[in-house]
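Structure, as structure tokens:
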Amino acid sequence: MILIWLMLILFVGGIAAVIAERSNPMLPRVIALGALLLDLGLLLLVLFFPATMGADATNQISIGQEGEWLVLFQADWIPQLGISFIFGADGLSLLLIILTVFLGLMSLGAAWHEITERSGFFYLNLLWTLTGVIGVFSALDLFLFFVFWEVMLVPMYFIIAIWGHENKSYAAMKFFIFTQVSGLLMLVAMLGLVFAHYQTSGALTFNYFALLDGEFTTEVGFWLMLGFFIAFATKLPTVPLHNWLPDAHSQAPTAGSVILAGILLKTGAYGLLRFAQGLFPEESAAFAPVAMTLGAISILYTAKVAFAQDDLKRLIAYTSVSHMGFVMLGIYAWNAQSAQGAVMTMLAHGFSAAALFMVAGGLQHRLHTRDMRQMGGLWGVMPKLSFMALFFTVAAVGMPGLGNFIGEFLVLLGSFQRSVTITVFATGGLIVAAIYSLIVIQRTFHGEPKQQYGDVADLRKTEMACYIAMMLGLVWMGLYPQSMLALAESGLMNLGLDMSTGAR
Amino acid sequence: MSIDVLINLSQIIMLGLSTLVVMLVIAFRRGHKLTYGLTMAGLAISLLIFLFISPADARQATELLVMDDYSLFFSTLVIISALAVTALSYPYFEGEQSRNEEFYLLLLMATLGGVVLACSQHIVSFFLGMEILSICLYGMIAYTVQQPGAAKFPLEAGIKYLLLSGASSAMILFGIALIYTQTGTLLFSEIPQRLVEAGQGNPIVITGWMMAVAGIAFKLSLVPFHMWTPDVYEGAPVPATTFIATASKAAMVAVVLRLVLASQAYEIDGLLSTVTVLAALSMVVGNLLALLQKNIKRLLAYSSIAHLGYVMIVMVAAGSMASSAAAEAVTYYMAAYVFTTLAGFAVVSALSSSTNEQDQLASYQGLFWQRPWVALPLMIVMLSLAGIPLTMGFIGKFYVIQAGVTGQLWLLLAMLVIGSGIGIFYYLRVVYLLVQSPSGESEQGGLPLAVTATLLLTSGTVVLLGIWPTGLIASLSGLSVF
């Protein structure tokens, strides 16, 4: 039930925000804050007192698998078609849901002073996007999953299309079409899977657990897996399906970029883990060399493209694709280290990319440009913001002691056991990343100022609080990763990964 | 003729009776409000009759018509559309000096034709229903011809529809005649057995079917027989367009599905591949041409072409799935399509009157901030047409894909994915326009109660049955078509 509450609070909070705007335009953001804090509180309860809060895990669902489900909820929805509400969270889902709510708070901090027009509708969209994402991370019925997968797009579309920058129409449209079309491929594959299961077992069901033991020929399985893979690889994104991302990220308002980079990309990675790997273990194993190669190409190619950018947000967007390449590599190398590394990278990248987009957004809000050619020498003007930029850039590059290092290191360690060649190339990405990151810092914050900045304010208190929270998070991940790895491990075991030997 | 038959026919009788009453009242006393009220009452009563005649099993009402759950479902859909159209017509025509009463007369008769189509299981009733429907539509389309400042070309639209619809009726008739020469029966369900006797691959039968398919494709506006659709949609007054887009399409699909399933038309050589081509072309061409439109009526016209293409996937798959499953998919899809389209045209109608049609997309800019309760339904409509979850459109598309997967029609499914991808582009463009900053001052005006009710009921249904389709699906499962 607690998962339902998480979503319900955000959903109702969104509606309340719209109503509250009529009496006071400042009220919606307070309501959004309240709803998110309430959610965070509930999550912490689940985390620390799983026994009492996860009591509804006794719902009778046959799980023919090891590992534990912290929370489960089941109810009928459309019984005629074998569709039901099944929400569940294991360690993996729970980590990602916490990330979602946490970054939701961060995006709220980014929007706090930036969004002044139509604030009620903005916070409605913000909260509803988060509702959709939590649904994606916890739905265990394929139909239900698909519903959330598509529904979370609509409020995100509005965020880009209404509060976005100069080229918002194009960016919002591209974002929607890429995800929708790949989503339809997934829907076809999903129905194919259900139909194949129906033919062998005679039961029409979309239940994830029931479909886990579907039987089909390798050829059919390959096509079905490919349908899922394309949808998730578009969302992740991976080269050559990454094309929508730089536009969407650079045109979205800061809060939108934070959510896109921090959370929405992770739904793709989560989908690869839960569905592509979970439902099609053999087909995924056969496909792994291709996927790993794609991951390595993503890492190198987009890092190179990032070089060529003058637009700060576009640059960060490309580096996002590059980092998600590590996640792809880790998921398809599929052993204990690499999968753990992928999960860690997802979390750490969520923090570092969100923070970097906040930096870029903060600069744009103050200087009204994202063009690095018009920046330079900002350290003298805004020392606090510049320090934050340096910190999170260094974190993104993979400085030991911070979360990103743990993630990428584990991924490379794991993938080395699968393919030396691919791993060597992927490691090259780390070097390229260091170079472009330093260039960004150099061009933006050091050197001579390119223009008269006039009277620009440094970080406000709300912004400062957000940065510090994310900083602490990254340091925590870097110094005590075991706390998260333990949770991730139980989730990965649910996916059939043998943690002891690291083999399939 | 026993009393049972009369009870089974009571709804058709009721519609005929209302037509008569309205006609007589107009002859003696003209009055817009009076005619409107009588029409509403007649339609409402014939809708309520369903509650009493809902049969446990199929009942014959003469050899021509059958009253089963399937025909009742589609009749309900047709009558609900007619009710909505009536509700929209009153404010649309109100305030004009010209005579508006006959529009309701035509509307009632067209509804009668639609109901006959939904109940027909015999080629004679099929043809009769189709003609009653079409002939009334000629008048409805060209109704505002003498209205200054009305929809641009009502007369052109009317003539176009008259000529093309007449030609396609002739094609269907010729096709039927050819089939009849070989089979000697006009009852849908007797055709397959007689065909076996006539022999497989009989060239006359195949020619007959091909002609019938061409004619039906005209009526359903499938590419390449779609040319009339956008012009007629644009030229006709909004209520007439609404009726063509909803009731007439639903009734036609109802009878075609029954014809296909009962006569096992999918067994005929070459027919499946023909329909496959028609469906694929409709999905792709319909969506592509919709991209170019700046007029919302034309946009919805092209979108309807694409949607009928999606429905054709189920028709193609019908041979390889249980007939009740095919019927379930088509009925749900048509319900989704009808409610969504009704809501869409209700928005256009809410902003228009017979002297001033607001059909340019540009005039919808910023509507969400000015009149959110008009813009929100339009947003729901666009998302439902695009097939986004939590709307009926998604469940409909889900059914279509399910049918496609069952029939293993990978080519058509690929076309569906491509078509939907293109579709999102123009549906979202409308949504995008709605949420942009308004370009000018809005005219604030209260909406008439009937229009508000239509808007909220139809768009509310689209969302409610999209989130909670269980009840509707329960009543649709196990439909027997013949």
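First the proteins, then the strands, lettered A, B, ... as listed; each starts at 1.
Tyr399(B) touches chain A through its side chain: at least one heavy atom from C-beta onward sits under 4.5 Å away, while N, CA, C and O do not. Interface remark: Ile418(B) contributes no atoms to any contact with chain A (heavy atom separation under 4.5 Å). When heavy atoms are compared at a cutoff of 4.5 Å, Val154(A) approaches chain B solely by way of its side chain, counted from C-beta outward. Heavy-atom distances place no part of Phe148(A) under 4.5 Å from chain B, backbone and side chain included. Interface remark: Leu413(B) contributes side-chain atoms only to the contact with chain A (heavy atom separation under 4.5 Å). Only the side chain of Leu383(B) comes within less than 4.5 Å of a heavy atom of chain A; its backbone N, CA, C and O stay farther away. At a 4.5 Å heavy-atom cutoff, Leu153(A) makes no contact with chain B through either its backbone or its side chain. With a threshold of 4.5 angstrom between heavy atoms, Ala474(B) approaches chain A through its backbone and through its side chain. Heavy atoms of Trp77(A) lying under 4.5 Å from chain B belong to its backbone as well as its side chain. For Tyr198(A), no part lies near chain B; criterion is any non-hydrogen pair under 4.5 Å.
Counted within 6.0 Å of CD on Glu117(A), heavy atoms from surrounding residues, nucleotides or ligands total 12 or fewer; the atom is thus considered open. Residue Trp223(A) qualifies as open at atom CH2: its count of foreign heavy atoms under 6.0 Å is 12 or below.
The nearest pair of heavy atoms linking Ile177(A) to Gly421(B) is CD1-O, 4.1 Å. For the residue pair Met173(A) and Arg429(B), the shortest heavy atom distance occurs at CE-N, 3.8 Å. Looking at every heavy atom in both residues, Ile78(A) comes nearest to Thr470(B) through CA-OG1, 4.1 Å. Annotation for Pro438(B) and Arg118(A): closest pair CD-NH2, 4.1 Å, computed over non-hydrogen atoms. Taking both residues in full, the closest heavy atoms of Ser420(B) and Leu184(A) are given as CB-CD1, 3.3 Å, listed atom of the first, atom of the second, then distance. Among all heavy-atom pairs drawn from Gln436(B) and Ala161(A), the shortest one is NE2-O, 3.1 Å.
Ranking Leu187(A), Val194(A), Asp76(A), Val147(A) against chain B, the residue ahead of the rest is Val147(A), based on heavy-atom pairs under 4.5 Å. In terms of non-hydrogen atom pairs under 4.5 Å with chain A, the most contact-rich of Val431(B), Ile467(B), Ile395(B), Ile424(B) is Ile424(B). Interface remark: of the candidates Ile422(B), Leu390(B), Ile401(B), Ile401(B) forms the most heavy-atom pairs closer than 4.5 Å to chain A. Among Ile83(A), Val181(A), Val188(A), the residue making the largest number of heavy-atom pairs under 4.5 Å with chain B is Val188(A).
Ring-centre distance between Phe398(B) and Phe206(A): below the 6.0 Å cut-off. In summary, the aromatic rings of Tyr432(B) and Phe158(A) are positioned with their centroids too far apart to meet the 6.0 Å limit.
Ile388(B) CD1 to Tyr157(A) OH: the interatomic distance, rounded to the nearest 0.5 Å, is 11.0 Å.
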From CA spacing to verdict: ring pair (Phe, Tyr, Trp, His ring centres under 6.0 Å), Tyr427(B), Phe176(A): CA-CA 11 Å; Tyr427(B) 294 129; Phe176(A) 205 102; over 10 Å; no
